[in-house]
Amino acid sequence: MLRVPANLKRNWQELSTGIAMVACTATTMMVLPACSVSGTPTATPPAAAESLSAIRIRQTDDAGRSLPFKTQFPNRWNSNNSGTSYEPCTQVPGAVVQRFGLDEASVSDVAGSDFQTARGCQWKFSENRHSFLSQFVGNLDRPDGGLTAHKKDYSTTTWHPDNEIAGRRVIVGSIDPGDCAAYVQSGSAVVVTNVVLIELEPQPMAACHAAVDFLRATIGAIPR
């Protein structure tokens, strides 16, 4: 199951109930409604910390583009998120981040431990530092079944009508008005765009609309 790092903003019971969709800045464990996968995040044993420091930890994507931060996790790229080459942290243009009212300098890794399934980035909204948008990838539990199988596996999520962007199916799910995610398949993985709006009275579907719009702005770089 795709688990969101412990530094994320909210706490969910299932992968489908939120995604998160995946990354926040809180201290509780979150599980976002993106893609169910096998594998459990593992913390680096204290005894191995020093030896790991001597290892050259990968800091670039498949195209050689550098991450916007220095990761300490040797297995940030791993068998649980290898279904697509897409890397949100390097392939989302800064201009897109700014256009959506996000603070480009607030970018952070969604991973909270080594060998995490979720691989991607989170940005805080400039006008509401408690709210955030994250985009990340993780392998599908049943890639042959695609997004249809994912929706069936996570029936507790409130699934809204499907969208189509650039000829590709996009599913949209939420657990409350302020928490919504848009999903598109890429290879044997899913790319999840999650928006969490921490407001007293979030506008109905505002988070969903933002998630879909952000995915629309970035889908050109996401392989089929």
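Nearest heavy-atom pair across Ala211 and Cys180 is CB-O, 4.1 Å. Considering every non-hydrogen atom in both Gly146 and Leu140, the closest pair reads CA-CD1, 4.3 Å. Annotation for Pro88 and Cys121: closest pair CB-N, 4.5 Å, computed over non-hydrogen atoms. In plain terms, the two heavy atoms of Leu197 and Ala206 that are nearest each other are CD1-CB, 4.1 Å.
The pair Asp103-Arg129 meets the salt-bridge criterion, with a side-chain N (NZ, NE, NH1 or NH2) lying under 4.0 Å from an Asp/Glu carboxylate O. Salt bridge Arg216/Glu164: absent, no basic N to carboxylate O contact under 4.0 Å. A salt bridge links Arg142 to Asp153: one of the charged nitrogens lies within less than 4.0 Å of a carboxylate oxygen.
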Might you work through the salt bridge (charged side-chain N to carboxylate O under 4.0 Å, His left out) test for Lys124 and Glu104, ending with a clear yes or no? CA-CA 8 Å; Lys124 296 178 182 179; Glu104 191 174 2; over 6 Å; no
Ser186/Arg224 under side-chain contact (heavy atoms from CB on, under 4.5 Å): CA gap, chis, key distance, verdict: CA-CA 5 Å; Ser186 178; Arg224 289 180 177 270; over 6 Å; no
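Here the CG-OG distance, from Asp141 to Ser188, works out to 11.5 Å after rounding to the nearest 0.5 Å. Residue Cys208 holds its SG atom at 9.5 Å from CG of Asn163, rounded to the nearest 0.5 Å. Taken from CH2 in Trp123 to OG in Ser108, the straight-line distance is 9.0 Å, to the nearest 0.5 Å. Rounded to the nearest 0.5 Å, atoms CG (Leu133) and CG (Leu102) are 5.5 Å apart. In this structure, the separation between CG on Leu215 and CD1 on Ile165 is 4.5 Å, given to the nearest 0.5 Å.
Residues Val192 and Val137 form no side-chain contact, since every pair of their non-hydrogen atoms from C-beta on lies 4.5 Å or further apart. The shortest side-chain heavy-atom distance between Val107 and Gln122 does not fall under the 4.5 Å cut-off. Looking at heavy atoms from C-beta onward, Phe136 lies out of side-chain contact with Val190 at the 4.5 angstrom threshold. Within the 4.5 Å cutoff, side-chain heavy atoms of Cys89 are placed close to those of Phe69. Two residues are said to be in side-chain contact when any heavy atoms from C-beta on lie closer than 4.5 Å; Arg65 and Glu87 fail this criterion. At least one side-chain heavy atom of Ile222 sits under 4.5 Å from a side-chain heavy atom of Val184. Within the 4.5 Å cutoff, the side chain of Arg169 has heavy atoms near those of the Thr148 side chain. Counting only heavy atoms from C-beta outward, the side chains of Ile57 and Phe73 never approach each other to under 4.5 Å.
Residues Trp77 and Phe115 do not share a hydrophobic cluster, clusters being chains of Ile/Leu/Val/Met/Phe/Trp/Tyr side chains in contact below 4.5 Å. Following chains of ILVMFWY side-chain contacts shorter than 4.5 Å, one cannot reach Leu67 starting from Val92, and the two form parts of different hydrophobic clusters.
Without hydrogens or angle criteria, Arg168 side chain to Gln185 main chain gives a donor-acceptor distance under 3.5 Å. Of the possible polar contacts, one joining the Asn81 side chain to the Thr117 backbone as a donor-acceptor pair under 3.5 Å is found. No donor-acceptor distance shorter than 3.5 angstrom exists from the side chain of Asp162 to the backbone of Val172, with no hydrogens or angles considered. Within the 3.5 Å criterion, the main-chain N or O of Ala118 finds no donor-acceptor partner in the side chain of Gln116. Between the side chain of Ser131 and the backbone N or O of Ile198 there is at least one donor-acceptor pair closer than 3.5 Å. Side chain of Gln59 to main chain of Thr71: a donor-acceptor pair is present (N/O by atom type, distance under 3.5 Å, no hydrogens or angles). A donor-acceptor pair under 3.5 Å links the side-chain atoms of Asn78 to the main chain of Asn75, judged by distance alone. Using modelled atom types, no side-chain atom of Thr84 and backbone atom of Gly187 make a donor-acceptor pair closer than 3.5 Å.
Between the side chains of Gln135 and Thr218, a donor-acceptor pair is found at a separation under 3.5 Å. With 3.5 Å as the limit, one finds no donor-acceptor pair spanning the side chains of Ser174 and Asp179.
Remark: Phe100 engages Phe214 in a ring pair (Phe, Tyr, Trp, His ring centres under 6.0 Å) (not counting sequence neighbours).
The number of heavy atoms from other shown groups lying within 6.0 Å of CD (Glu199) is above 12.
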